[in-house]
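Data first, discussion second: the structure below is written as structure tokens.
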Amino acid sequence: MKNSIEPANGRLGILMPGLGAVATTFISGVLAVRKGIASPIGSYTQMGSIRLGKRTEGRNPRIKDFVPLANLEDIVFGGWDIFEDNAYEAAMNAGVLDPGLLNQLKDELTAIRPMKAVFDQKYVHNLDGVNVKKAATKMDLANELMKDIEEFRTKNNCARLVMVWCASTEVYIQEKDVHKTLAAFEEGLRKNHPDISPAQIYAYAAIKSGVPYANGAPNLSCDFPALVELSKQMRIPIGGKDFKTGQTLMKTIIAPGLKARNLGVDGWFSTNILGNRDGEVLDDPESFKTKEVSKLGSLDVIFEPELNPELYSDLYHKIRINYYPPRGDNKESWDNIDIFGWLGYKMQIKINFLCRDSILAAPIVLDLALLMDLAKRSGMYGIQEWLSFFFKSPQSAPGLKPQHDLFRQLMKLENTLRHLKGEDLITHLGLDYYEEE
Ligand SMILES: NC(=O)c1ccc[n+]([C@@H]2O[C@H](COP(=O)([O-])OP(=O)(O)OC[C@H]3O[C@@H](n4cnc5c(N)ncnc54)[C@H](O)[C@@H]3O)[C@@H](O)[C@H]2O)c1
């Protein structure tokens, strides 16, 4: 059945809490692509294509030509940060992109100034800034964010908005009673409940304003029953969490291959060094704990030790993140994977990935923003599990294990797009190619 999708007419505002390395690398990239001085490499929506129908039909449109997505020309950017730096200054400080490139985009970047943030050092210990809202209650802060959102919408003449969390990782917070129902959560906002962090306030404000919300960090933000309830009530798509980049991207590429060939794994040790502000925040044990939990989940789900105890029940999975300023955003990671094969004979795999964190994350911000906007125009709301492809720790329905295998995630993403457009889903069975007349 073909769903009706509203056209992507007018401007799309992409709002980001956190104008740091990832957000400014994303914004600069889109501006550079618009000027024709760079290519959107790594972006599924801009560079990816999708097969339709049988292999013999030769129909393989680009994603952006297949589904009605906002045009890059129609995007406007906005955000909040605890520092007053405009996007040009923030991008220069982040040190990800060449000053030569940033200078070609200077006027547009300079015009993007962060709105005052909702922030509390209790939730991000290693940071402090001055560009912060003050209010008596967390509900007042949410109302101020909603005012910011409406002012941005009007001032920039936006037909639609989406919000993508690109701010620092908050401390680890577990779901409590205050997160269980919308009524409890709203009461918690009015009473300044300590388990309601700024990320949750932004998510609430976005959903309440009719704005799809995606969480790029691993902290609790829209992934609890109260906000799922609100997203259904408001018919707003939500999703998270933690952009799938770097070491976890590699893990979810390699682990499905080992599993597919029934090779056993005893141990997976991952360590990395990074020296950007994200690394500094993660140097705090409470923020690291949030990240660790997000990164640890993937292997268990991919290997399914309960189905393959002989191969995976003794897997020792260890993750270290080390703050090391000299490297800045250019992270280096090492993985040692202890595997075993036929008759139990042991082997090892070593991966040394010299990656650039924000270069891997920026296209995900673009894809998530465009696909969340598509979801809303297609009448989809609540948790968007079909966007798991972009997340380290995908949000899924209660009681449903998330899907971590990158290739299954891709199949789900592609089949959802085919479904939206009324195309046949592809099972890869292909027996019909060999049937006799
Ligand atoms: N780069 C990657 O590959 C990657 C991958 C997955 C997740 N992430 C997550 O994305 C987020 C951004 O990463 P980054 O490298 O850009 O970090 P960054 O430190 O460069 O930028 C984060 C920005 O958020 C601001 N901030 C913090 N709390 C805020 C709040 N409450 N409201 C508004 N602004 C706030 C900070 O001042 C900072 O400018 C982090 O949470 C990180 O863990 C990044």
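Starting from 1, each residue takes its place in the sequence as its number.
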Exercise. Go through E186 and M139 one step at a time and tell me if the side-chain contact (heavy atoms from CB on, under 4.5 Å) criterion holds.
Key: CA-CA 7 Å; E186 289 184 333; M139 186 58 104; 4.1 Å; yes
Exercise. Evaluate the side chain to side chain donor-acceptor pair (under 3.5 Å) criterion for residues S388 and K412: first the C-alpha distance (whole Å), next the side-chain angles of each, then the deciding distance (0.1 Å), finally the verdict.
Key: CA-CA 9 Å; S388 303; K412 195 181 191 63; over 6 Å; no
Measuring from [X]:[atom1] to [Y]:[atom2], what's the distance to the nearest 0.5 Å?
{"X": "L69", "Y": "D373", "atom1": "CG", "atom2": "CG", "value": "8.0 Å"}
{"X": "T169", "Y": "N126", "atom1": "OG1", "atom2": "CG", "value": "11.5 Å"}
{"X": "K251", "Y": "L258", "atom1": "NZ", "atom2": "CG", "value": "12.5 Å"}
{"X": "C222", "Y": "I207", "atom1": "SG", "atom2": "CD1", "value": "6.0 Å"}
{"X": "L127", "Y": "Y123", "atom1": "CG", "atom2": "OH", "value": "15.5 Å"}
{"X": "S197", "Y": "L220", "atom1": "OG", "atom2": "CG", "value": "7.0 Å"}

Test your reading of the model: is there a side-chain donor-acceptor pair from [X] to the backbone of [Y], 3.5 Å cut-off?
{"X": "R160", "Y": "N9", "result": "yes"}
{"X": "D81", "Y": "N131", "result": "no"}
{"X": "K241", "Y": "A217", "result": "no"}
{"X": "R113", "Y": "M115", "result": "no"}
{"X": "T290", "Y": "E286", "result": "yes"}
{"X": "E280", "Y": "Y323", "result": "no"}
{"X": "E332", "Y": "N352", "result": "no"}
{"X": "S209", "Y": "V211", "result": "no"}
{"X": "N215", "Y": "N219", "result": "yes"}
{"X": "Q247", "Y": "W334", "result": "yes"}

Does [X] have more than 12 heavy atoms from other residues, nucleotides or ligands lying within 6.0 Å of its [atom1]?
{"X": "Y381", "atom1": "OH", "result": "no"}
{"X": "K155", "atom1": "NZ", "result": "no"}
{"X": "R11", "atom1": "CZ", "result": "yes"}
{"X": "K147", "atom1": "NZ", "result": "no"}
{"X": "R34", "atom1": "CZ", "result": "yes"}
{"X": "K191", "atom1": "NZ", "result": "no"}

Quiz item: Taking 4.0 angstrom as the limit, do E414 and R51 come out as a salt bridge?
Solution: no
Quiz item: Mind checking whether Y44 and F390 have parallel, tilted or perpendicular rings, split at 30° and 60°?
Solution: perpendicular
Practice problem: Kindly assign one of parallel, tilted or perpendicular to the pair F26 and F77, based on the angle between their ring planes and the thresholds 30° and 60°. | Solution: perpendicular
Quiz prompt | Among H179, K176, Q200, Q174, the one residue meeting side chain to side chain donor-acceptor pair (under 3.5 Å) with D195 | solution = K176
Quiz prompt | cation_pi(R320, F288) dist<6.0 Å, angle<=45 | solution = yes
Practice problem: Could you walk me through whether Y202 and Y213 pass ring-ring contact (aromatic ring centres under 6.0 Å, His included), step by step? | Solution: CA-CA 9 Å; Y202 282 98; Y213 180 86; 8.3 Å; no
Practice problem: For F119 and L141, run side-chain contact (heavy atoms from CB on, under 4.5 Å): C-alpha distance rounded to whole Å, both residues' side-chain angles, the deciding distance at 0.1 Å, then the answer. | Solution: CA-CA 10 Å; F119 179 78; L141 290 169; over 6 Å; no
Just by distance, no angles: are the side chains of [X] and [Y] close enough, under 3.5 Å, to form a donor-acceptor pair?
{"X": "D85", "Y": "N93", "value": "yes"}
{"X": "D367", "Y": "S43", "value": "yes"}
{"X": "T137", "Y": "N192", "value": "no"}
{"X": "R418", "Y": "N415", "value": "yes"}
{"X": "K244", "Y": "T252", "value": "yes"}

Practice problem: Please examine the side chains of P402 and Q395, heavy atoms only from C-beta on, and report whether any two atoms are closer than 4.5 Å. | Solution: no
Practice problem: Please report the C-alpha distance between E89 and F83 in whole Å, then the side-chain angles of each, then the deciding distance to 0.1 Å, and finally whether the side-chain contact (heavy atoms from CB on, under 4.5 Å) criterion is met. | Solution: CA-CA 10 Å; E89 292 161 337; F83 299 112; over 6 Å; no
Quiz prompt | From CA spacing to verdict: salt bridge (charged side-chain N to carboxylate O under 4.0 Å, His left out), K116, E144 | solution = CA-CA 10 Å; K116 273 191 187 328; E144 285 199 30; over 6 Å; no
Practice problem: Could you please spell out the steps behind the side-chain contact (heavy atoms from CB on, under 4.5 Å) verdict for L406 and F389? | Solution: CA-CA 6 Å; L406 188 84; F389 181 72; 3.8 Å; yes
Quiz item: What do the steps show when you test E187 against R190 for salt bridge (charged side-chain N to carboxylate O under 4.0 Å, His left out), and what is the final call?
Solution: CA-CA 5 Å; E187 182 64 4; R190 284 187 287 271; 3.5 Å; yes
Self-check item: Audit row: D278, K331, salt bridge (charged side-chain N to carboxylate O under 4.0 Å, His left out) steps and yes/no
Solution: CA-CA 11 Å; D278 186 31; K331 179 155 102 182; over 6 Å; no
Could you report the tightest heavy-atom contact between [X] and [Y], atom names first, then the distance?
{"X": "S28", "Y": "A91", "value": "OG-CB, 4.4 Å"}
{"X": "G10", "Y": "A159", "value": "CA-CB, 4.0 Å"}
{"X": "Y88", "Y": "L102", "value": "CE1-O, 3.8 Å"}
{"X": "L101", "Y": "A32", "value": "CD1-CB, 4.2 Å"}
{"X": "W80", "Y": "A117", "value": "CB-CA, 4.2 Å"}
{"X": "S39", "Y": "V33", "value": "C-CG2, 4.0 Å"}

Quiz prompt | Evaluation steps, salt bridge (charged side-chain N to carboxylate O under 4.0 Å, His left out), between E108 and K35 | solution = CA-CA 11 Å; E108 287 133 298; K35 283 191 190 299; 3.2 Å; yes
Quiz prompt | Given I196, L145, L182, the one that forms side chain to side chain contact (heavy atoms under 4.5 Å, CB included) with Y204 | solution = L182
